[in-house]
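Naming convention: chains lettered A, B, ... in sequence-line order (proteins, then strands); numbering from 1 in each chain. Just so it is clear, the values below take in all heavy atoms, side chains as well, and ignore hydrogens, waters and symmetry mates.
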2 protein chains.
Amino acid sequence: MSYSIGEVVKKTGLSAHTLRYYEKEGLLPFVKKNASGVRAYSDEDLRWLTMIECLKDSGLQIKEIRQYIEWFNEGDSTLPQRLSLFENRRKILEKEMARLTVVMNKIRYKELLYREAVRVGNLDVATNERRFQHLKKKLFESPDDFDK
Amino acid sequence: MSYSIGEVVKKTGLSAHTLRYYEKEGLLPFVKKNASGVRAYSDEDLRWLTMIECLKDSGLQIKEIRQYIEWFNEGDSTLPQRLSLFENRRKILEKEMARLTVVMNKIRYKELLYREAVRVGNLDVATNERRFQHLKKKLFESPDDFDK
DNA sequence: TCTGTACCTAGAGTTAGCTCTAAGTATTAT
DNA sequence: ATAATACTTAGAGCTAACTCTAGGTACAGA
């Protein structure tokens, strides 16, 4: 099976501009073209696009994805490099999730505080309520930094 | 207490360029300047910088942070808007954490697979091992999309 | 043959968030 | 007094990842 760029747009949700851009950046080195230059994407190309999306979602830059694809095409001699890429990425994702957890706590505190402030119609009154003072001390190292 | 831009650079880790840029974008509407135009940051300004960093970490754009600061300065009449901002942010962070969890599973699968591939020196052999076939089926809707 | 749609390339433009440069003023230490 | 350091502004430059434009080709249906 092969697919026109328009069909791939429908399948992937990427724009035709973006698909051509990816190709120019070396992310799709196997896409074939017919005699008049029109692209014909294979099922293999679509699987690459799925993988590219996953790597992109994990935070890899396009040039890093291109590097991965080059390693893949060089065969088993680059297995250690590829392992190392996934290890690093896993560590970065772990840090990112930890970071988001910390941010989430702060934002949730703000949401609760503002819900109370809206209820009583006054931010300072809400901020000075014992339970919010308590919560703030529990959550933050320098609690007053969160009075803004 | 007041601080020169250089002291704030040391305290916050932001560059002087970035601090002036933030001010130009309306993020620090209270910073005072002396007769010769030199900035003198107050403790209040530093607290704003902490809050700005938190909002930035939560994914807010600079113009959205400026909007929040404007609301803050307008007083209690804008409490509902601010509550709504934090509610939306909390929801977006929840989605982001869910997204990262999904991505993490895929990357961890790849890491395990490549660790085995490096051990046996061959990606195809590792991919075809029963436990990786099993893992792949468990993790993904279209497992073959992850053979890249 | 005409009309419309889908496709092509090369290259310019956009956006966010910095980051840096140039040219000048002010402050501090010796 | 002089040298070094820190500060100022306006505005240009950078990077990533698109996003769009202009001008053209290819082909299908009425």
| said: Can you tell me how far apart CD (A:Q61) and CD (A:E25) are? Round to the nearest 0.5 Å. | reply: 11.5 Å
| said: By the 4.0 Å heavy-atom rule, please label B:R39 as base, sugar-phosphate, or nothing. | reply: sugar-phosphate
| query | Which residues satisfy the side-chain contact (heavy atoms from CB on, under 4.5 Å) test with A:R108, sequence neighbours excluded? | reply | A:M104, B:R90, B:E94
| query | How many Å lie between CD on A:E23 and C1' on D:dC18, as a whole number? | reply | 16 Å
| How close or far is atom P of D:dT5 from atom NZ of B:K10, stated in whole angstroms? | 13 Å
| query | Separation of B:I5 atom CD1 from D:dT5 atom C1', in whole Å? | reply | 15 Å
| task | Indicate for each nucleotide in nucleotides 17-30 of chain C, in 5' to 3' sequence, whether protein heavy atoms under 4.0 Å reach the base (B), only the sugar-phosphate (S), or nothing (-). | result | BB-BB----SS---
| query | Can we say A:E7 and A:K10 salt-bridge, meaning some charged N sits less than 4.0 Å from an Asp/Glu carboxylate O? | reply | no
| Salt bridge between B:E111 and A:R89, side-chain N to carboxylate O under 4.0 Å? | no
| field | Pairing of B:R47 and B:E44 as salt bridge, 4.0 angstrom limit | value | yes
| task | Figure out the CD/P separation between A:E53 and D:dA17, and round it to whole Å. | result | 15 Å
| query | Atom CD of A:E25 and atom C1' of D:dT15: how far apart are they, to the nearest Å? | reply | 12 Å
| query | CZ of A:R66 versus P of D:dC18: gap in Å, rounded? | reply | 14 Å
| When you look at A:S42 and A:D45, which way does the side-chain hydrogen bond (donor to acceptor under 3.5 Å, both in side chains) test go after all the steps? | CA-CA 5 Å; A:S42 66; A:D45 294 326; 3.1 Å; yes
